[in-house]
Structure formats: structure tokens, C-alpha cells
Amino acid sequence: MVAISPADVGKRVTTRRRVPGGHRDAVGVLESWRDGVLTIRKRDGSLVEIAEDTLAAAKVVPPPAR
């Protein structure tokens with residue numbers, strides 16, 4: 001179930017997307033959602049771009065424990 005939307009930009013999210021041969025997960029801050037592409041900044045600072053139509057599941061999650 002995909003339970004995020006463009007209104008969640010700025011929040012921490014977890015995503016699962018379909019890729020050839022299986023799935024890939026990404027957790028981080030949803031930085032943008034434009035023209036069907038989500039951009040997520042992971043904890044290590046890297047950016048992940050995800051095509052909206054490949055999302056299998058996604059939700060808002062709490063900040064990481066410190």
C-alpha cells in the first residue's frame with residue numbers, strides 16, 4: 001500500500017519499489033515529488049530518484065533513534 005503523497009515532502013519515509021528481479025527499499029527524507037518522480041535523501045546524504053509508477057509500498061515513519 002502506498003500511503004504517501006506530495007503533501008509529505010519534508011517528512012521521513014520508507015519506500016519499496018519494483019525493479020527487475022525484485023524490489024529495492026529506500027528510507028530517508030522525501031525532498032521532492034515532481035512529474036511522477038520522488039526524490040529521497042538517505043541518511044548518508046545520497047539521493048535516490050524513484051519513478052512513482054514503480055512504488056509497491058510507502059509510508060511516513062518516525063525520525064531515527066539517536
Side-chain angles (χ1 to χ4, degrees):
M1 175 170 92
V2 177
I4 63 172
S5 74
D8 293 311
V9 168
K11 296 179 182 174
R12 185 168 182 257
V13 298
T14 182
T15 62
R16 174 163 286 180
R17 65 193 180 278
R18 293 178 295 280
V19 297
H23 292 90
R24 300 266 332 229
D25 296 333
V27 177
V29 175
L30 180 60
E31 290 210 342
S32 67
W33 189 327
R34 288 188 200 99
D35 301 323
V37 178
L38 293 76
T39 303
I40 296 175
R41 179 149 328 257
K42 295 171 42 173
R43 184 180 353 188
D44 66 5
S46 63
L47 283 174
V48 177
E49 289 188 344
I50 301 171
E52 180 180 358
D53 62 356
T54 66
L55 284 175
K59 65 181 180 179
V60 174
V61 293
R66 301 245 175 214

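Computed from a predicted model, the values in this text were never measured in an experiment. Scope of the values below: all heavy atoms of this structure, side chains included, with no hydrogens, waters or symmetry mates.
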Close side-chain approach of Thr14 to Asp25, heavy-atom, < 4.5 Å: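 Contact flag for Thr14/Asp25 side chains = no.
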Min side-chain heavy-atom separation Leu55-Leu38 under 4.5 Å: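 Yes, side chains in contact.
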For [X] against [Y], the heavy-atom pair lying closest together:
{"X": "Asp44", "Y": "Ser46", "answer": "OD1-OG, 2.6 Å"}
{"X": "Ile50", "Y": "Ala26", "answer": "CD1-CB, 4.4 Å"}
{"X": "Thr15", "Y": "Ala58", "answer": "CG2-CB, 3.9 Å"}

Val48-Val60 co-clustered via ILVMFWY side chain contacts under 4.5 Å: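 Same cluster.
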Cluster overlap Val37 with Val2, hydrophobic side-chain contacts below 4.5 Å: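 Shared cluster, no.
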Test side-chain contact (heavy atoms from CB on, under 4.5 Å) applied to Val13 and Val61, Leu30, Val29, the passing residue: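 Of the listed residues Val61, Leu30, Val29, the side-chain contact (heavy atoms from CB on, under 4.5 Å) partner of Val13 is Leu30.
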Sidechain-backbone polar pair: Arg34 side chain, Thr39 backbone, donor-acceptor under 3.5 Å: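 Pair absent, no side-chain N/O of Arg34 close to backbone of Thr39.
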Approximate separation, where rounding is to 0.5 Å, of [X] [atom1] and [Y] [atom2]:
{"X": "Lys59", "Y": "Arg16", "atom1": "NZ", "atom2": "CZ", "value": "11.0 Å"}
{"X": "Leu47", "Y": "Ile40", "atom1": "CG", "atom2": "CD1", "value": "10.0 Å"}
{"X": "Thr54", "Y": "His23", "atom1": "OG1", "atom2": "NE2", "value": "9.5 Å"}
{"X": "Arg43", "Y": "Arg12", "atom1": "CZ", "atom2": "CZ", "value": "6.5 Å"}

